[in-house]
Each structure stands twice: as structure tokens, then as C-alpha cells.
> 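I have a structure I would like to understand better, so I am pasting it below and will then ask my questions one at a time.
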Amino acid sequence: MEENNNLVQLQDENGNDVNFEHLMTVEHEGSYYVLLEATEDMDDCQQGEAIILKIIRDEESGDDVYATIEDEDELNAVFEKCMAIMEEEDEMGDAMLLDGIEEPDGDEEPDGDEEEE
């Protein structure tokens, strides 16, 4: 059985365990947030859909817990930040792929005298 270190298990409103893949943790205005992707279909979220939760400290236990973001402006700002990070990572990945492609040498120019068949 393969273990996925990016797997986060949460409980839904019915107490059922549901699995998400941790995509990233971001900081925004002094608070931290997680972007999670559903690994299975649920009532409120389908496989492949992402959710953003705020990391807060539980006052009783002192543990970090994930909380729903109620403020729509806050949610939108964090979403935009996550999108910008993913776009930057995509561009970096594309650049790394291009680095592996060899440029043709300038010595091998077509001479134009060849006949096309």
C-alpha cells in the first residue's frame, strides 16, 4: 500500500472521514491557509475540486485546526494568491522543461538549394 504524505483526513458534518490532498499552505496578512483537493466524491465537494481552509489555533487544546472562511473578501484574496502561486510554479516547470531541450547549433542552417519532393 502506497503512503501519500500529502494526504489530509478530515471529518465531514456527519462524522465520516474524508480524504483530501494537501496542495499548498499559504500565508496571507499574518494568517495561514491550506488549499486541499478532494480525492473522492462527497455531498458538498466532488473529486478534484479544491477547498481553502484557514489554520487557526484551538483555544482549548492549543492544536492547529482548519476552519471554514466566512469572509468572502478574505476567501477571494487567498484564492487569488493560491492561483498566482500555481501559475508561477507552472511557468517554472515549463522553463525547466525548456532547459532540457537543446537549441540547434547555428552551424546547421538550411541552404535553400535543396529541392522539395
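Scope of the values below: all heavy atoms of this structure, side chains included, with no hydrogens, waters or symmetry mates.
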> Report the residues that fulfil side chain to side chain contact (heavy atoms under 4.5 Å, CB included) with Ile85, sequence neighbours left out, ordered by chain and then residue number.
Met24, Val26, Lys81, Glu89
> Can you tell me how far apart CG (Asn76) and CE (Met83) are? Round to the nearest 0.5 Å.
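If I round to the nearest 0.5 Å, the distance is 12.5 Å.
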> Tell me every residue that passes side chain to side chain contact (heavy atoms under 4.5 Å, CB included) with Thr25, counting only those two or more places apart in sequence or in another chain.
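Side chain to side chain contact (heavy atoms under 4.5 Å, CB included) list for Thr25, sorted by chain: His22, Tyr32, Val34, Ile55.
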> Not counting sequence neighbours, which residues clear side chain to side chain contact (heavy atoms under 4.5 Å, CB included) with Asp90? List them please.
none
> Side-chain heavy atoms under 4.5 angstrom apart, residues restricted to Ile, Leu, Val, Met, Phe, Trp, Tyr: same cluster for Val8 and Ile51?
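Yes, same cluster.
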> Take a 6.0 Å sphere around CD of Glu88 and say whether it holds more than 12 heavy atoms from other residues, nucleotides or ligands.
no
> Would you say Leu23 and Ile52 are hydrophobically clustered, going by side-chain heavy atoms of ILVMFWY under 4.5 Å?
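Yes, Leu23 connects to Ile52 through the hydrophobic network.
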> CD1/Ile69 to CZ/Phe79 distance, rounded to the nearest 0.5 angstrom?
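The CD1 atom of Ile69 sits 12.0 Å away from the CZ atom of Phe79.
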> Output the distance between atom CG (Leu75) and atom NZ (Lys54), rounded to the nearest 0.5 Å.
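The NZ atom of Lys54 is 11.5 Å from CG of Leu75, to the nearest 0.5 Å.
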> Can you pull the salt bridge (Lys or Arg N to Asp or Glu O under 4.0 Å) pairs that have at least one residue in residues 27-42, sequence neighbours excluded?
none
> Tell me, yes or no, whether the heavy-atom count around Gln11 atom CD, taken from other residues, nucleotides or ligands under 6.0 Å, exceeds 12.
yes
> Of all residues at least two apart in sequence or in a different chain, which pass the side chain to side chain contact (heavy atoms under 4.5 Å, CB included) check with Asp71?
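Expected list: Asp73, Glu74.
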> Suppose clustering is done on Ile, Leu, Val, Met, Phe, Trp and Tyr with side-chain heavy atoms closer than 4.5 Å. Which residues sit in the same group as Ile56?
Val65
> One thing to verify: whether Asp64 and Arg57 come together as a salt bridge, which I'm taking to mean a side-chain N less than 4.0 angstrom from a carboxylate O.
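Result for this pair is yes, salt bridge flagged.
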> Which distance, rounded to the nearest 0.5 Å, do you find between the CZ of Phe20 and the CG of Leu35?
11.0 Å
